[in-house]
Amino acid sequence: MEHTENNAIYTAGYRCPSNIALVKYWGKKSGGVQLPANPSISWSLGDLYAATTVKAMQKVDGQSFVFTLAGESKPSFEPKIAQFLSKIAADCPWLSDFTLFIDSENNFPHGTGIASSAAGFGALGMCLAHIEQHIHGSSDLSTQVNGMDFWQRSSYLSRIGSGSACRSMFDKPAVWGLAEAVDGSSDLFAVPLDGDIHPNLQGWKDVVLIVDDGEKSVSSTAGHALLDAHPYAQARFGQAQKNLGLLVLAMREGNVDQFIAIVESEALQLHAMMMTSLPYYVLMRPNTLAIIEKIWSFRESSKLPLCFTLDAGANVHLLYDGKIDETLMNFVQTTLLPYCKNGQYLCSETGKRPIAIL
Ligand code: DP6
C-alpha cells in the first residue's frame, strides 16, 4: 500500500482465488441487495485466480473508474464495474472523491465457464476494503470499518459484485448465508468454517473438465431470478440448509461417503432446479453426463475418494483427495479427455488464501 499525503494516492493489489460450491447458492432473498435464499459452502480454488490492482487518485475529470484487463482497455467489462460501484456507493462514500484505476487479469482463460466473476469481484472487493482501511487512517487490517474487520468487509463488498465472490477469500471452507449449523454465519458476508476438518477431507483437489467453452444460454443472475416463482423453491432452500449441516458434520468426522453423497446431490439439485424453472432450460451437455457416468463407474471399481460437482454450466468439476493425484490424472488422461472440448481441462488445489501483490 502506497500512501502519499500530498497527492493522496492509495493502492492495493490482491491475487484472489475462484471457488467451487459444495452446497449451492441458488436463489436470492427478495428485498435485499444480493442476499442468498439459502446458505452455501465452498472451497477456494487457489490455482485459478484473478490478480487485481487498484490505484485510487483524487478524482480525475469526474471519472469514477478506468478499467484495464491486463493493461488493455476492455469496454465490455465497464458496465458491470460501473453497476457494482454504484451499488456500493452509499456504503463507501469515500469513493466519490476518487477515480479508481483498476487493472485485472485472470490466470485462466475467459469463457471456459469457470467462475471468473467470483475471482474478479473477490479480488476487487479485497482491494477496495484495503484502500478503505487506509483512508480510515489504519494500516492494521484487524481494525473494524462499519463494524466489519478486513476479511468481512472484503467479503461484504465482493458479495455485492457477485454473490459467490464473497466466498473466495478464505483458506478454510467458506460459509455464506445464515446457516443453522454454523455459529457466526451471515447473509452479509462469508465466514471461514472454524474448528478442525478431518484429514480425510483436507488436501482435496479439483480438475475442471471443460465440456463447453461458449457463452451460457442463461446467466447465473437470470437463473437465480427464476427461483422467485419456482414451485419447488422452498423445498430446495430447506434441502440446502439441511445439506449444509450434514456436510459440515461429514467434514469434521471424515465421513467421505457422506461428503460425496451430499456434494453430488447438490450438483444435481442445482441443475434440477434449472430444468424445472419457468422457462425451463438445460445447461448440461451430452458430454457432461458421459463424464459423470465415467466418474461413477471409476469410483465403483476403484473405491477411491472422488466425486463430481457442477456449477451453473456444462463443465464438470472432479474433486478428489490429493493423495491419489497420479492415479486420478491417469484416469483423466485416458478416460475423460475425449469428452473435453479440444482436450481442455484445468487443475487446482483447494483451500488456498488470497495473496497481497502490492
Ligand atoms: C451455481 O454468484 O454467479 O455457481 O450473485 O448473480 O453474481 P450472482 O450469481 P453467481 O451465482 C453462482 C451460482 C452457482 C452456485 C454457487 O457458486 O454457490
Side-chain angles (χ1 to χ4, degrees), residues 16-30 32-45 48 50 77 79-81 83-84 87-88 110-125 155-170 173-177 179 185 187-190 206 208 215-228 230 233 236-237 239-241 243-244 247 262-275 277 281-284 288 308-317 319 350:
C16 182
S18 182
N19 70 78
I20 181 69
L22 305 168
V23 170
K24 308 294 182 181
Y25 147 55
W26 200 239
K28 303 183 192 194
K29 279 190 179 134
S30 54
V33 179
Q34 201 83 302
L35 301 177
N38 64 260
S40 57
I41 182 167
S42 64
W43 274 335
S44 68
L45 298 175
L48 305 174
F77 280 42
K80 240 186 158 178
I81 293 170
Q83 201 185 15
F84 167 61
K87 279 191 195 163
I88 62 169
H110 282 283
T112 45
I114 308 303
S116 56
S117 64
F121 278 113
L124 185 54
S155 178
Y156 175 96
L157 293 174
S158 304
R159 180 197 101 232
I160 294 168
S162 179
S164 53
C166 78
R167 300 184 311 236
S168 274
M169 54 277 309
F170 306 99
V175 178
W176 172 41
S185 56
D187 283 347
L188 298 178
F189 47 74
D206 186 4
V208 193
E215 191 73 20
K216 286 187 285 195
S217 57
V218 179
S219 72
S220 287
T221 302
H224 285 289
L226 293 176
L227 272 276
D228 294 347
H230 197 296
R236 163 62 202 152
F237 303 149
Q239 280 284 307
Q241 188 69 255
N243 279 344
L244 195 136
L247 191 85
I262 294 166
V263 169
E264 293 192 343
S265 169
E266 275 289 319
L268 295 178
Q269 283 189 33
L270 168 69
H271 282 257
M273 294 307 281
M274 296 171 190
M275 289 188 246
S277 294
Y281 61 108
V282 182
L283 294 184
M284 287 194 259
T288 310
F308 77 86
T309 188
L310 306 167
D311 54 21
N315 300 331
V316 181
H317 289 249
L319 301 173
T350 66

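When a ligand or atom number is given, it counts from 1 through the structure's own listing order. What's counted below: heavy atoms across the whole structure, side chains too, no hydrogens, waters or symmetry copies.
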For residues 262-274, run the donor-acceptor check on the side chains, cut-off 3.5 Å, and write out each pair with its distance to 0.1 Å, sequence neighbours left out.
unit_1, atom_1, unit_2, atom_2, d
Glu264, OE1, Trp296, NE1, 2.9
Glu264, OE1, Arg299, NH2, 3.2
Glu264, OE2, Arg299, NH1, 2.8
Glu264, OE2, Phe308, N, 3.1
Ser265, OG, Gln269, NE2, 3.2
Glu266, OE1, Lys24, N, 2.9
Glu266, OE1, Arg236, NH1, 3.2
Glu266, OE1, Arg236, NH2, 2.7
Glu266, OE2, Arg236, NH1, 2.9
Glu266, OE2, Asn243, ND2, 2.8
Gln269, OE1, Arg236, NH1, 2.7
Gln269, NE2, Gln239, OE1, 3.2
His271, NE2, Asp311, O, 2.9

Please identify which atoms of ligand 1 are closer than 4.0 Å to at least one heavy atom of Gly163.
-> 2 (O), 5 (O), 7 (O), 8 (P)
For ligand 1, which atoms sit closer than 4.0 Å to a heavy atom of Ala312?
-> 1 (C)
Is it the side chain (CB and beyond), the backbone, both or neither of Leu270 that lies under 4.0 Å from ligand 1, heavy atoms counted?
-> side chain
Where on Ala21 is there a heavy atom closer than 4.0 Å to ligand 1, on the side chain, on the backbone, on both, or on neither?
-> side chain
Passing candidate, side chain to side chain donor-acceptor pair (under 3.5 Å) with Gln34, options His224, Arg159, Lys28 = Lys28
Pairs of nitrogen or oxygen atoms closer than 3.5 Å, one from [X] and one from ligand 1: do any exist?
X	result
Ser164	yes
Trp26	no
Ser40	no
Thr221	yes

If hydrogens are left out, which of Ala225, Ala165, Ser220, Ala267 has an atom nearest to atom 3 (O) of ligand 1, that is, the closest non-hydrogen atom?
-> Ser220
From atom 17 (O) of ligand 1, work out which of Arg159, Arg167, Gln34, Lys28 has a heavy atom at the shortest distance.
-> Arg167
Are the side chains of Asn19 and Trp43 in touch, meaning some heavy atoms are under 4.5 Å apart?
-> no
In Å, rounded to the nearest 0.5 Å, how long is the span from CG of Leu244 to CG of Asn38?
-> 8.5 Å
Within the distance-only criterion (no hydrogens, no angle test), does the side chain of Ser44 pair as donor or acceptor with the backbone N or O of Pro17 below 3.5 angstrom?
-> no
Thr288 meets the side-chain hydrogen bond (donor to acceptor under 3.5 Å, both in side chains) criterion, sequence neighbours left out, with none
Kindly state whether the ring of Trp176 and the ring of Phe189 have centres lying under 6.0 angstrom apart.
-> no
